[in-house]
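Everything below concerns the one structure shown next.
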Amino acid sequence: MKTIIVGGVAAGASAAARLRRLDESMEIVLLEKGDFISYANCGLPYFLGGVIAERDNLLVMPPERFAAWFNVDVRPRNEVTRIDREHKTVQVRTPEKSYEEPYDKLLLATGAVPTGDAPMGKVLHLWTLADMDRVQSRLTGAKRAIIVGAGFIGLEVAENLRAKGMEVTIVQRGQHVLPTLDREMSAPLAAEL
């Protein structure tokens, strides 16, 4: 039995570890389009705020160690570009080549993606370590920031930038901050903000 997991950050790495615990003989391939797997993406706002001082502290486990500990074929910089469900294969692109990989089971753990198109350089997403690096480079000398989105990450970024002395404005599309909560539950948070 061969299982391919597409996406190697929180959900994908956790799924690979759990599958290994359930079946020691299963062939598990973890395909991640980025450079890193299993990093603390919830810590990105805290790095920007200086609470987490070292970037490397966000790296939970290097791909090589994850592969050794869990006996998983970990392939960073391997982007799945197509799924052929009928033939049970995925098309994969790396910086050097493209190839086809067969599977018995397929797990998609790619997470979500930021919404909306932004003018280049004007709006920066905070989703990956590379995004964090771009945001960090723009914070030097900045005095103000507008945070688009009042979910967990948006509020954590706002808190951390405010703690650094920046003037922060939060813009939320929905009716209230922290939209995963009921309006009544988020009202005290909005008052505090």
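- The backbone N or O of G8 lies less than 3.5 Å from a partner atom in the side chain of E32, making a donor-acceptor pair.
- Criterion: ILVMFWY side-chain heavy atoms under 4.5 Å apart, direct or through other members. Under it, V157 and I170 are part of a common hydrophobic cluster.
- Side-chain atoms of F66 and L30, non-hydrogen and from C-beta on, do get closer than 4.5 Å to each other.
- Here the straight-line distance linking atom CZ of R20 with atom CG of N71 works out to 4.5 Å at 0.5 Å rounding.
- Distance check, rounded to the nearest 0.5 Å: SG of C42 to CD1 of I153 gives 5.0 Å.
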Anything under 3.5 Å between a donor and an acceptor, one on a side chain of residues 181-193, the other on a protein residue two or more places apart or in another chain? List them.
unit_1: S186; atom_1: OG; unit_2: V177; atom_2: O; d: 3.2
unit_1: S186; atom_1: OG; unit_2: R183; atom_2: O; d: 3.2

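- Residues L126 and L58 share a hydrophobic cluster, clusters being chains of Ile/Leu/Val/Met/Phe/Trp/Tyr side chains in contact below 4.5 Å.
- Between Q91 and S98 the shortest side-chain heavy-atom distance falls below 4.5 Å.
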Margin query: Walk me through whether I4 and I28 qualify under side-chain contact (heavy atoms from CB on, under 4.5 Å).
Written below: CA-CA 6 Å; I4 290 181; I28 303 170; over 6 Å; no
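- Nearest heavy atoms, P63 versus V74: CB-CG1, 3.7 Å.
- Counting all heavy atoms, side chain and backbone alike, Q172 lies closest to P179 at NE2-CG, 3.7 Å.
- Counting heavy atoms from C-beta on, the side chains of I147 and T169 never come closer than 4.5 Å.
- The shortest side-chain heavy-atom distance between S137 and V135 does not fall under the 4.5 Å cut-off.
- The 12-atom threshold is not exceeded at CD of E167, counting heavy atoms of other residues, nucleotides or ligands nearer than 6.0 Å.
- The CG atom of L44 sits 6.0 Å away from the CG atom of L129 when rounded to the nearest 0.5 Å.
- Smallest separation of non-hydrogen atoms from W127 and Y39: O-OH, 3.6 Å.
- L59 is connected to V51 through a chain of hydrophobic side-chain contacts under 4.5 Å among Ile, Leu, Val, Met, Phe, Trp and Tyr, so both are in one cluster.
- R134 contributes no side-chain N or O that, together with a main-chain N or O of L124, makes up a donor-acceptor pair within less than 3.5 Å.
- Here the CD atom belonging to E159 is positioned 5.0 Å from the OH atom belonging to Y46, to the nearest 0.5 angstrom.
- With a 6.0 Å radius and a threshold of 12 heavy atoms from other residues, nucleotides or ligands, L139 has its CG atom above the threshold.
- Between L48 and N160 the shortest side-chain heavy-atom distance does not fall below 4.5 Å.
- Between M1 and K105 there is a side-chain heavy-atom pair separated by less than 4.5 Å.
- Side-chain atoms of N78 come within 3.5 Å of backbone atoms of P76 as a donor-acceptor pair (strictly under, hydrogens ignored).
- Residues M166 and A145 approach most closely at CE-CB, 3.9 Å, considering heavy atoms.
- Shown here for I52 and G43, the closest heavy-atom pair between the two residues is CD1-O, 3.7 Å.
- F70 approaches R21 most closely through the heavy-atom pair CE2-NH2, 4.1 Å.
- The CG atom of L155 sits 6.0 Å away from atom CG of L178, with the distance rounded to the nearest 0.5 Å.
- Note that K97 lies in the cation-pi zone of Y99, set by a 6.0 Å cut-off to the ring centre and a 45° limit from the axis.
- When hydrophobic clusters are built by joining Ile, Leu, Val, Met, Phe, Trp and Tyr residues whose side-chain heavy atoms come closer than 4.5 Å, directly or via intermediates, V72 is grouped together with M26.
- With sequence neighbours left out, the side chain to side chain donor-acceptor pair (under 3.5 Å) criterion links K2 to E101.
- Atom CG of residue L108 and atom CG of residue L106 lie 4.5 Å apart, to the nearest 0.5 angstrom.
- Within a 6.0 Å sphere centred on CZ of F152, other residues, nucleotides and ligands contribute 12 heavy atoms or fewer.
- A donor-acceptor distance shorter than 3.5 angstrom exists from the side chain of K88 to the backbone of D104, with no hydrogens or angles considered.
- No path of Ile, Leu, Val, Met, Phe, Trp and Tyr side chains, each step under 4.5 Å between heavy atoms, connects I5 with V90, placing them in separate hydrophobic clusters.
- The existence of a salt bridge linking R77 and D35 is confirmed by a sub-4.0 Å separation between a basic side-chain nitrogen and an acidic carboxylate oxygen.
- Counting non-hydrogen atoms of other residues, nucleotides and ligands closer than 6.0 Å to NZ of K164 gives a total above 12.
- Enclosure of atom CZ in R18 is not indicated, since only 12 or fewer non-hydrogen atoms of other residues, nucleotides or ligands lie within 6.0 angstrom.
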